[in-house]
Number of protein chains: 2
Amino acid sequence: MRLPGVPERPGTGSASADWSGVRARLHDGGLRWTPQRRTLIDVLAATDGHVTGAELVERCRAIDPTTTPSTVYRTLDVLEDLGVVRHHHGPDGREEFHVLPEREHGHLHCRACGRSWEVGAAEVAPMLEALRRHRGFEADISHMALVGRCGDCVAADDRAAGGD
Amino acid sequence: MRLPGVPERPGTGSASADWSGVRARLHDGGLRWTPQRRTLIDVLAATDGHVTGAELVERCRAIDPTTTPSTVYRTLDVLEDLGVVRHHHGPDGREEFHVLPEREHGHLHCRACGRSWEVGAAEVAPMLEALRRHRGFEADISHMALVGRCGDCVAADDRAAGGD
DNA sequence: GACTCAACTGCAACACGTTGCATCTACACG
DNA sequence: CGTGTAGATGCAACGTGTTGCAGTTGAGTC
Ligand SMILES: [Mn+2]
Ligand SMILES: [Mn+2]
Ligand SMILES: [Zn+2]
Ligand SMILES: [Zn+2]
């Protein structure tokens, strides 16, 4: 029973999602609902797109200054088991989390300009399908992060180097 | 003029390679040949396949106990610029180095059993080619690491779960 | 062999997580 | 509403790198 004065700000937060369900799913697994976990869920609900682990710790501390990194990272592990978040690693190996991805996707990171893009499952499916057929290997698309140079940076380099 | 008593153990070390050339190429770039760099080169020359950064630091310390991590990591950066080593990141984001890869390749890591495999450039070329055509993105194959479950572990899971 | 100076090193501090362990607490049950 | 207990927390120590800076050194030049 939602009060009229407290709109849920639909469209904000990731996917206007079933955060309510998380508590129930924790209980179903014999896990617990704690103040620390609620803090992190609040942060995640207000987050869109990709965010680093360190950034999540910082945002939790903004709500509750007593927040401890180990608790946040352990809770993120739990939430990933639940499928609520997914992580991959940036070019330097640091963790990046995606909250409730609507569609499964991999990641592209440009070393030159630092920007990143999502790449839909369909776009990489042929290769992953080939890996499964040839080797039986089932790759985790969400964890995939390709590093390289984006079109803009390649063009810029070409202009600087070979240009006539 | 190699002495008979000090065989080079051909086949050991990576690619029985042109380590001699490294010193010259450093000089060409205005860089220096130091005892610390020689230690790391000695370690790399005796290494086959993939090895973590931490492991390299440890092996340098075995030769020279005064070895400092920052020097090793900075030298690895230099050597990667020279193309002597390549690195990627394991499932946990830690660095793994490959010494003088004979052929360019990506990496497969099984989350369940921890084993890993190389995947030849040809095997992933179609997808990377598609990325280049559609987006202009040039992915670095050597840095690619796909995480998932290998054929053996998938089969084992299937047997445990669905098996009749 | 001495001079010079950019490249290099070592150190200390930091960033990002992870782990072991003692303590605490959510919550199922009576 | 108490009690018991498995699950969760907080802390301290650790692992893996990275960075700023002051001091050192490789190697080109005379
Ligand atoms: Mn990297
Ligand atoms: Mn990972
Ligand atoms: Zn770019
Ligand atoms: Zn496996």
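A note on names: the letters A, B, ... follow the listed sequences, proteins ahead of strands, and every chain is numbered from 1. All figures in this text were calculated on a predicted structure; none of them were measured in a lab.
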Whichever hydrophobic residues join A:Val124 through chains of side-chain contacts under 4.5 Å: A:Leu108, A:Trp117, A:Val119, A:Met127, A:Leu128, A:Leu131, A:Phe137, A:Ile141, A:Met144, A:Leu146, B:Leu108, B:Trp117, B:Val119, B:Val124, B:Met127, B:Leu128, B:Leu131, B:Phe137, B:Ile141, B:Met144, B:Leu146
Length of the line joining A:Arg61:CZ and D:dG10:C1', which is rounded to integer Å: 12 Å
Pairs touching residues 23-45 of chain A that satisfy ring-ring contact (aromatic ring centres under 6.0 Å, His included), sequence neighbours left out: none
Residues B:His107 and B:His105: side-chain donor-acceptor under 3.5 angstrom: yes
Within residues 109-116 of chain B: residues closer than 4.0 Å to DNA chain D (heavy atoms): none
Distance, rounded to the nearest Å, where B:Glu55 contributes CD and D:dT16 contributes P: 10 Å
Sugar-phosphate only, base, or nothing, as touched by B:Gly93 at under 4.0 Å among non-hydrogen atoms: nothing
Spacing between A:Asp28 atom CG and D:dA6 atom C1', to the nearest angstrom: 17 Å
Distance below 4.0 Å between A:Gln36 side-chain N/O and D:dG10 OP1 or OP2: yes
Pair A:His88, A:His98: side-chain N/O donor-acceptor within cut-off below 3.5 Å: no
Side chains of A:Leu79 and A:Arg37 in contact at under 4.5 Å (non-hydrogen atoms): no
Close residues, residues 75-88 of chain A, relative to DNA chain C [heavy-atom separation under 4.0 Å]: none
The helix from C:dG1-D:dC30 to C:dG30-D:dC1: angle between end helix axes, five pairs per end, rounded to 10 degrees: 20°
Intermediate values then yes/no, side chain to side chain contact (heavy atoms under 4.5 Å, CB included), B:Leu26 and B:Leu82: CA-CA 8 Å; B:Leu26 286 170; B:Leu82 256 50; 3.9 Å; yes
A:Glu58: partners by side chain to side chain donor-acceptor pair (under 3.5 Å), with sequence neighbours left out: none
Nearest-angstrom distance from the residue atom CG of A:Leu40 to C1' of D:dA8: 14 Å
Evaluation steps, side chain to side chain contact (heavy atoms under 4.5 Å, CB included), between A:Thr52 and A:Phe97: CA-CA 6 Å; A:Thr52 66; A:Phe97 290 88; over 6 Å; no
Close side-chain approach of A:Gln36 to A:Leu40, heavy-atom, < 4.5 Å: no
Between C1' of D:dT9 and CZ of A:Arg37, the distance in whole Å: 10 Å
Salt bridge (Lys or Arg N to Asp or Glu O under 4.0 Å): pairs with one or both residues in residues 69-79 of chain B, sequence neighbours excluded: none
Pairs touching residues 132-156 of chain B that satisfy salt bridge (Lys or Arg N to Asp or Glu O under 4.0 Å), sequence neighbours left out: A:Arg111-B:Asp140, A:Glu123-B:Arg135, A:Glu138-B:Arg149, A:Arg149-B:Glu138, B:Arg86-B:Asp140, B:Arg115-B:Asp152, B:Glu129-B:Arg132, B:Arg132-B:Glu138, B:Arg149-B:Asp157
Residue pair A:Thr68 / A:Val57, side-chain heavy-atom distance below 4.5 Å: no
Non-hydrogen atoms of B:Thr47 and B:Val51 that approach each other most closely: CG2-CG1, 3.9 Å
A:His89: ring-ring contact (aromatic ring centres under 6.0 Å, His included) partners, not counting sequence neighbours: A:His87, A:His143
B/S/- contact track for nucleotides 23-30 of chain D, protein heavy atom under 4.0 Å: --BBS---
Atom-pair distance (NE2 on A:His89; P on D:dT16), nearest Å: 15 Å
Pairwise N/O distances under 3.5 Å, protein to nucleotides 11-16 of chain C:
{"from": "C:dC11", "atom 1": "N4", "to": "B:Ser70", "atom 2": "OG", "distance (Å)": "3.3"}

Pairs satisfying salt bridge (Lys or Arg N to Asp or Glu O under 4.0 Å), at least one member in residues 27-36 of chain A, at least two apart: none
Distance in angstrom units between B:Glu58 CD and D:dT16 C1', rounded: 13 Å
Evaluation steps, side-chain hydrogen bond (donor to acceptor under 3.5 Å, both in side chains), between A:Arg61 and A:Thr66: CA-CA 7 Å; A:Arg61 258 204 248 271; A:Thr66 71; over 6 Å; no
